Structure formats: structure tokens, C-alpha cells
Colleague: 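Have a look at this one.
Owing to the predicted nature of the structure, the values given are computational and were not obtained by experimental measurement. Per chain, numbering begins at 1; letters A, B, ... match sequence-line order.
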Protein chains: 2
Amino acid sequence: MLSMTKKTGYGLIAMIHLARLPEKKLASAREISDAYGISLSLMMNVLKKLCAAGYVESVRGSRGGYRMLRPAEEINFVGLMEALEGPMKLAECITRQVEGLGSEMACKLISQCPIANPIHRVNSRIREVLSGVTLAEIIEDTAGSRLQSKSQTQKA
Amino acid sequence: MLSMTKKTGYGLIAMIHLARLPEKKLASAREISDAYGISLSLMMNVLKKLCAAGYVESVRGSRGGYRMLRPAEEINFVGLMEALEGPMKLAECITRQVEGLGSEMACKLISQCPIANPIHRVNSRIREVLSGVTLAEIIEDTAGSRLQSKSQTQKA
DNA sequence: TTGAAATAGTATAAATAAGGTACTATATAA
DNA sequence: TTATATAGTACCTTATTTATACTATTTCAA
């Protein structure tokens with residue numbers, strides 16, 4: 001309840017890793033998964049989604065991998081999370097509030113449900129908070145502002 | 001993901017219903033479940049938890065039911081939610097931050113996990129928001145500040 | 001004193017979501 | 001042409017959520 005899935009956690013780790021790379025440099029799914037002890041398949045799935053959502057760019061083939069497409073300042077928590085888990089909603093009755101434009105909703109119970117309005121408001125407030133948290137801030141906030149990965153030595 | 005369970009929804013509805021009753025008046029689980037078309041067993045389970053958590057008081061036996069124990073102004077969203085669903089945590093690595101006293105955590109991966117700190121901060125911010133939402137506010141915000149229940153007519 | 005209505009406590013089943021793995025296809029560098 | 005890498009899915013397992021059921025106890029009232 002009210003928790004993010006591990007996918008988002010893996011996605012954050014991947015994004016942090018990529019954001020720290022020198023400009024234009026690639027990191028492969030294996031590299032990242034090895035560095036933090038995350039299953040390769042999982043990390044691959046996450047990176048595929050991040051790519052599809054336009055957060056990263058992929059280069060296929062040997063020596064391929066992923067690189068960031070946007071600056072960390074322009075990436076926020078809720079966007080990343082939604083790219084990996086689908087639209088965030090506090091309850092079923094909230095669907096199309098993604099644009100933050102107010103009171104659009106698609107709850108079948110709208111005329112009966114006594115808590116639709118308040119739930120909607122709370123949802124908006126949470127979105128506000130999460131959209132204010134940028135990847136850049138998150139990186140600032142990681143221990144020592146430097147990642148301590150299992151093996152910083154990459155085989156390449 | 002990042003959503004509350006239906007239990008919380010039912011709990012909110014029950015609390016709103018009870019809060020609207022005249023002082024000292026009781027409402028039974030059946031009354032409430034009938035009024036909003038919620039399964040009786042479910043509503044009973046929710047009310048049992050609310051009672052155990054000290055939000056409401058129960059009177060057993062025929063003509064029994066539940067009544068509020070605290071004013072709606074002193075009840076907040078996150079407290080209610082946690083009474084019904086257990087401690088709120090954005091990720092596994094967050095456990096004892098309930099008191100809002102900062103950086104206590106019990107993550108086994110604390111020395112390795114690169115996102116423990118930022119996740120912790122985001123969790124705190126969400127808690128702040130949710131603890132600022134009172135039941136009184138929620139009631140204010142329900143359509144027309146008056147509940148439109150299926151049957152306002154109670155058989156008692 | 002008996003029966004109906006209510007809560008208390010717990011157990012369990014069913015449905016849904018999350019977490020994780022595997023497979024086939026395609027691209028690229030050496 | 002082979003090894004390495006991503007692309008796209010499909011699938012299985014586990015955990016959580018949702019819902020129901022059962023037994024016991026309490027209380028009012030006929």
C-alpha cells in the first residue's frame with residue numbers, strides 16, 4: 001500500500017548510473033546489473049521500458065548499451081515511475097489526472113462514491129510532491145554523492 | 001503502485017458516516033454497508049480494525065454498533081490508512097520512520113543500496129502531505145458536504 | 001429464558017498484482 | 001561468422017489484496 005514497486009527502484013538505480021557516465025558513454029544492462037547485484041533479465045526489462053519511454057537511447061549489438069537522453073534536472077520521480085509502472089493513481093477512481101489539469105476522472109461510481117473528491121485532491125498533492133523530485137536531486141542525495149557499487153571495475 | 005487499498009476507502013467511508021452522526025449515536029456495520037453498497041463482512045472487518053486502533057468505540061449486542069471516539073479534526077489520512085493497512089512505506093527499506101523523527105531505518109542493504117537516502121526523503125514528504133489531510137477536511141470536500149448514500153433511511 | 005441482532009476474533013478461499021525468468025528475433029563490432 | 005547486445009514477448013511463481021465464512025460472546029427485548 002502506497003508503495004512503489006521494485007521496478008521503479010531498479011529504474012532509479014539504472015538512471016543514476018547512466019547519469020554519472022561521461023557524455024555519450026554507454027552502459028550495458030549487464031554492466032549495471034552486475035554493479036548492483038540485480039538480475040540481468042530484470043534490468044534488461046527496465047531498460048527496455050526506459051528506452052521506450054524516451055528516457056534513454058539504446059545502441060544495439062556488441063559494445064552496445066544505453067545512454068541518457070535528457071539531463072537529470074529534467075527528469076522527475078513520478079515520470080520515471082509512471083514510465084515503468086503505468087499511471088499513478090491513489091485509487092481506482094482516478095485515471096486521467098496525469099496532466100494535473102484538475103477534475104477529469106473516469107470513476108464508474110462517480111455519482112455515488114462519497115470519497116471521489118477528497119481522494120482526487122490527495123492524489124494531486126502526492127503528484128505535486130513527486131513531480132518536484134528530480135533525478136538530479138536524487139543523485140545529490142545518494143550517500144556521499146557517489147555511488148558505492150559492488151564492482152566499479154567494468155570489464156570493458 | 002502508490003495506491004491505497006480498498007480497505008482504506010471503506011474505512012474512510014465508515015468514518016465519514018460515523019462523524020456525521022449526532023453525538024453518542026451509534027451506527028452498525030450493516031447500516032453503513034447497506035448505505036453505500038459495500039459487503040457487510042468487509043465493512044465489519046474494517047470497523048473491527050478501526051475499533052482496535054482506537055478510532056471508534058463498539059457497543060455489542062442488539063442495538064449495538066460503533067461511534068467515533070475522536071473529533072474529525074484530530075484524525076488524519078495516514079493514521080487511518082496505517083490502522084487498516086499497516087505501516088506506510090514507499091519501499092522495503094523503510095520501516096520505522098512513522099514518528100517522523102528522521103533517519104531511522106532497518107534496510108538490510110543499507111550499506112550497498114544507492115537509493116536508500118532519497119527514497120527515505122520522498123517517503124517523508126509523502127507522509128507530511130498525508131498527515132496534513134484531516135478527516136474533517138475530507139468531509140468538507142465530499143460532494144455538497146453532504147453524503148449521498150443509497151438509503152439515508154435507517155431501519156432503526 | 002430464549003431468540004434475534006450485533007460485535008470479536010480468526011481462518012480461509014479467490015482474485016489480482018508484482019516479481020522474476022526464458023525464449024526468439026535482430027543488430028553490430030571484431 | 002561468432003560473440004555480444006538490445007527488442008519484444010510470453011510465461012511462471014509468489015505475494016498481496018479482496019472477499020467470505022465460521023465460531024464465540026454480548027445485549028436487548030419479547
Colleague: Phosphate oxygens OP1/OP2 of dT16(D): is one of them under 4.0 Å from a side-chain N or O of Thr5(B)?
Modeller: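 Answer no for this pair, as no side-chain N or O of Thr5(B) is under 4.0 Å from OP1 or OP2.
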
Colleague: Nearest to the side chain of Ser28(B), which nucleotide is it out of dA5(D), dT7(C), dT17(D)?
Modeller: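 The answer is dT7(C), which lies nearest to the side chain.
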
Colleague: Taking the side chain of Tyr66(A) as heavy atoms from C-beta outward, which of dA29(D), dA7(D), dT21(C) is closest to it?
Modeller: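 The answer is dA7(D), which lies nearest to the side chain.
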
Colleague: Tell me what Met44(A) touches on the nucleic acid: a base, only sugar-phosphate, or nothing, going by heavy atoms under 4.0 Å.
Modeller: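 Base, at least one base atom sits under 4.0 Å.
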
Colleague: Counting side-chain heavy atoms from C-beta on, which of dA4(C), dT21(C), dT6(D) comes nearest to Ser62(B)?
Modeller: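 It is dA4(C).
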
Colleague: Specify the separation, in whole Å, of atom NZ of Lys6(A) and atom C1' of dG19(C).
Modeller: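 Computing the Lys6(A):NZ to dG19(C):C1' distance gives 8 Å.
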
Colleague: Could you state the atom-to-atom distance from CD of Glu57(A) to C1' of dT28(C) in whole Å?
Modeller: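 Distance check: Glu57(A) CD to dT28(C) C1' gives 15 Å.
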
Colleague: Rounded to the Å, how far apart are Leu84(A) CG and dG19(C) C1'?
Modeller: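 It works out to 14 Å between those atoms.
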
Colleague: Taking CD from Glu85(A) and C1' from dT16(C), how many angstroms apart are they, rounded to a whole number?
Modeller: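 Roughly 16 Å, once rounded to whole Å.
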
Colleague: Do Pro118(B) and Arg121(B) have side-chain heavy atoms sitting under 4.5 Å apart?
Modeller: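 No, too far: nothing below the 4.5 Å cut-off.
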
Colleague: Give the rounded distance in Å between these two atoms: CZ of Arg60(B) and C1' of dG9(C).
Modeller: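 Result: 9 Å.
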
Colleague: Could you check how far OH of Tyr55(B) sits from C1' of dT7(C), rounded to whole Å?
Modeller: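 Nearest whole value for this atom pair: 21 Å.
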
Colleague: Would you call Glu82(A)-Arg127(A) a salt bridge at under 4.0 Å N-O?
Modeller: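 Yes.
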
Colleague: Please report, rounded to the nearest Å, how far the P atom of dA15(C) is from the CG atom of Leu42(B).
Modeller: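 In whole Å, dA15(C) P lies 15 Å from Leu42(B) CG.
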
Colleague: From the set dT18(D), dC28(D), dA21(D), return the single nucleotide nearest to any side-chain atom of Lys7(B).
Modeller: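 Selected nucleotide: dT18(D).
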
Colleague: Regarding Arg125(A) and Glu137(B), does a basic nitrogen lie under 4.0 Å from an acidic carboxylate oxygen?
Modeller: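 Glu137(B) and Arg125(A): salt-bridged.
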
Colleague: Taking CG from Asn45(A) and C1' from dG20(C), how many angstroms apart are they, rounded to a whole number?
Modeller: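 Checked: the CG to C1' distance equals 9 Å.
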
Colleague: Remember a base hit wins even if backbone is also touched, and classify Ala29(A) as base, sugar-phosphate or nothing at under 4.0 Å, heavy atoms.
Modeller: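 Counting heavy atoms under 4.0 Å across all strands, the contact made by Ala29(A) is with sugar-phosphate only.
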
Colleague: Any side-chain heavy-atom pair from Leu21(B) and Arg67(B) closer than 4.5 angstrom?
Modeller: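 A side-chain contact is absent here, since even the closest heavy-atom pair is not under 4.5 Å.
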
Colleague: What nucleotide among dA7(D), dG19(C), dT21(C) has an atom nearest to a side-chain atom of Lys48(A)?
Modeller: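 It is dA7(D).
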
Colleague: So which one's nearest nucleotide on DNA chain D is more toward 5', Ala52(A) or Gly61(A)?
Modeller: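 Result: Gly61(A).
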
Colleague: What is the nucleic acid contact for Ser41(A), judged by heavy atoms within less than 4.0 Å: base, sugar-phosphate only, or nothing?
Modeller: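 Result for Ser41(A) = base.
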
Colleague: Taking 4.0 Å as the cut-off, does a side-chain nitrogen or oxygen of Tyr10(A) come that near to OP1 or OP2 on dG20(C)?
Modeller: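 Result: yes.
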
Colleague: With side-chain contact (heavy atoms from CB on, under 4.5 Å) as the criterion, how do Asp141(B) and His120(A) come out once you've worked through the C-alpha distance, each side chain's angles and the decisive distance to 0.1 Å?
Modeller: CA-CA 10 Å; Asp141(B) 201 19; His120(A) 219 87; over 6 Å; no

